[in-house]
Number of protein chains: 2
Amino acid sequence: MDQSLICPRFEKAMSLMSQRWTGLVIYQLLTGPKRFCTLESSMGISGRVLSERLKDLETQGIVKREVYPETPVRIEYSLTDKGLALEPIMKEIEKWSQTWLPVE
Amino acid sequence: MDQSLICPRFEKAMSLMSQRWTGLVIYQLLTGPKRFCTLESSMGISGRVLSERLKDLETQGIVKREVYPETPVRIEYSLTDKGLALEPIMKEIEKWSQTWLPVE
DNA sequence: ATAATTACTTACATAAAGTAACTAACTAAA
DNA sequence: TTTAGTTAGTTACTTTATGTAAGTAATTAT
């Protein structure tokens, strides 16, 4: 019947957050720039999907990719201002999890 | 290498929020109890998945299911305290979306 | 007896994610 | 100068998740 009285901007933000891995990638980047292999091994995401997510996040202006032509090449992913602004969401998720989820 | 220095409770909360539709279901329930068909039509989720999500959320103690044996039967889904406690997360997502996403 | 309503479930199709091997560009070692 | 090692991916293939559409069960109205 009524296809969405939901604010389309909210809906878009929510669909971003509900993509598998996206939240964790952002969470990891909140502690500073990270390389591809670091993200990959620290959170158990597959390279295939990590690559896809980073590209999406870059396209959306949430993540920034920088190449350092060292040897071997170093590529760092970090948050833009738009990405950093997601921190309060992460903090609230953190709070909720600590209040409502069991320790084990 | 290091398989998750990430707090397991945070990780669990995040994996809850990153399930497709879960966030929107909770968002809808923040405005009060809702029936199956209302949720289904207001957010474009398929019945199959909605049913699955509501069961999961009930199992996790986030959603409460109540049966009113009227005619035809009325079944209402609402948030428990644990579910209501997710509101600050939703508010932050709302804020971010209004600040950082374009109007169209 | 037939149709209508709600809250689902089932079977099947498509899309998203996981796995593991492979590539490209470079360097260091044998 | 071949071989191996590193990073940052990509590709082909498999498994899992989701969408679609039809079906079910319980009840009442026509």
Side-chain angles (χ1 to χ4, degrees), chain A residues 1-4 6 11-12 14-29 32-60 62-79, chain B residues 1-4 6 11-12 14-29 32-60 62-79:
Chain A
M1 216 155 274
D2 57 297
Q3 292 288 45
S4 148
I6 306 167
E11 213 167 339
K12 207 183 165 191
M14 188 56 96
S15 84
L16 170 74
M17 292 300 298
S18 12
Q19 273 215 299
R20 203 172 199 163
W21 299 114
T22 299
L24 274 187
V25 168
I26 291 163
Y27 183 73
Q28 296 288 60
L29 295 181
K34 297 274 178 300
R35 317 176 61 158
F36 192 92
C37 62
T38 306
L39 289 168
E40 196 177 11
S41 64
S42 71
M43 48 192 269
I45 188 178
S46 72
R48 205 191 66 75
V49 174
L50 178 56
S51 167
E52 201 174 291
R53 288 296 180 273
L54 289 170
K55 261 182 228 161
D56 283 359
L57 289 169
E58 208 191 335
T59 301
Q60 292 173 74
I62 290 169
V63 160
K64 182 170 54 200
R65 180 182 189 269
E66 285 187 286
V67 181
Y68 300 88
E70 302 169 356
T71 221
V73 67
R74 179 165 56 103
I75 293 171
E76 285 197 338
Y77 294 93
S78 57
L79 295 174
Chain B
M1 219 154 273
D2 56 298
Q3 291 288 47
S4 149
I6 306 168
E11 212 167 337
K12 205 181 165 194
M14 188 56 96
S15 85
L16 170 74
M17 292 299 300
S18 11
Q19 274 214 299
R20 203 174 201 159
W21 299 113
T22 298
L24 274 186
V25 168
I26 291 162
Y27 183 72
Q28 295 288 59
L29 294 182
K34 298 272 177 302
R35 316 176 62 157
F36 192 92
C37 64
T38 306
L39 289 168
E40 195 177 13
S41 65
S42 71
M43 48 191 271
I45 187 177
S46 72
R48 207 190 65 74
V49 175
L50 178 56
S51 167
E52 201 174 292
R53 287 296 180 275
L54 289 170
K55 260 182 229 160
D56 283 359
L57 290 169
E58 207 191 336
T59 300
Q60 291 173 75
I62 289 168
V63 160
K64 183 171 53 201
R65 179 182 190 271
E66 283 187 287
V67 182
Y68 300 89
E70 300 169 358
T71 222
V73 66
R74 180 165 56 102
I75 293 173
E76 285 197 338
Y77 294 93
S78 57
L79 294 174

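Note that the coordinates shown come from a computational prediction; the quantities given were computed from them, not determined experimentally. Per chain, numbering begins at 1; letters A, B, ... match sequence-line order.
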*Write down the distance between CG (A:L50) and P (C:dA16), rounded to a whole number of angstrom.*
18 Å
*Would you kindly give the CG-to-P distance between A:L39 and D:dA8, to the nearest whole Å?*
10 Å
_CD1 on A:I6 to CE on B:M43, rounded to 0.5 Å_ = 6.5 Å
*Hey, could you give me the CG/CD distance between A:L39 and A:E76, rounded to the nearest 0.5 Å?*
10.5 Å
*When every nucleotide of nucleotides 10-20 of chain D is labelled 5' to 3' by its protein contacts under 4.0 Å (heavy atoms), B for base, S for sugar-phosphate only, - for none, what sequence of letters results?*
BBB-----BBB
*Kindly say whether B:R20 contributes a backbone atom to a donor-acceptor pair with the side chain of A:R20 at under 3.5 angstrom?*
no
*Under 3.5 Å: donor-acceptor pair, side chain of A:K34, backbone of A:G32*: yes
*asked:* When the axes are fitted on five pairs at both termini, how much does the helix from C:dA1-D:dT30 to C:dA30-D:dT1 curve, in 10° steps?
replied: 30°
Hey, can you pull the donor-acceptor pairs under 3.5 Å for the side chains in residues 44-51 of chain B, sequence neighbours left out?
from  : atom 1 : to    : atom 2 : distance (Å)
B:S46 : OG     : B:V49 : N      : 3.4
B:R48 : NH1    : B:E52 : OE1    : 3.4

*Using only heavy-atom distances, determine whether the side chains of A:Q19 and B:S18 contain a donor-acceptor pair under 3.5 Å.*
no
*When you check the phosphate oxygens OP1 and OP2 of D:dG9, does a side-chain N or O of A:R65 lie under 4.0 Å from one of them?*
yes
*Mind running a 4.0 Å heavy-atom check of residues 70-79 of chain A against DNA chain C and sending the residues that fall below it, in number order?*
A:T71
*Any idea which heavy atoms bring B:Y77 and B:L29 closest together, and the distance?*
O-CD2, 3.3 Å
*How close do A:L24 and B:E11 get, heavy atom to heavy atom, and via which atoms?*
CD1-CG, 4.0 Å
_Holding to salt bridge (Lys or Arg N to Asp or Glu O under 4.0 Å), I want the full list of residues that pass it with B:E66, two or more places apart in sequence or in another chain._
none
*Can you list the residues that meet the salt bridge (Lys or Arg N to Asp or Glu O under 4.0 Å) rule with A:E58, with sequence neighbours excluded?*
none
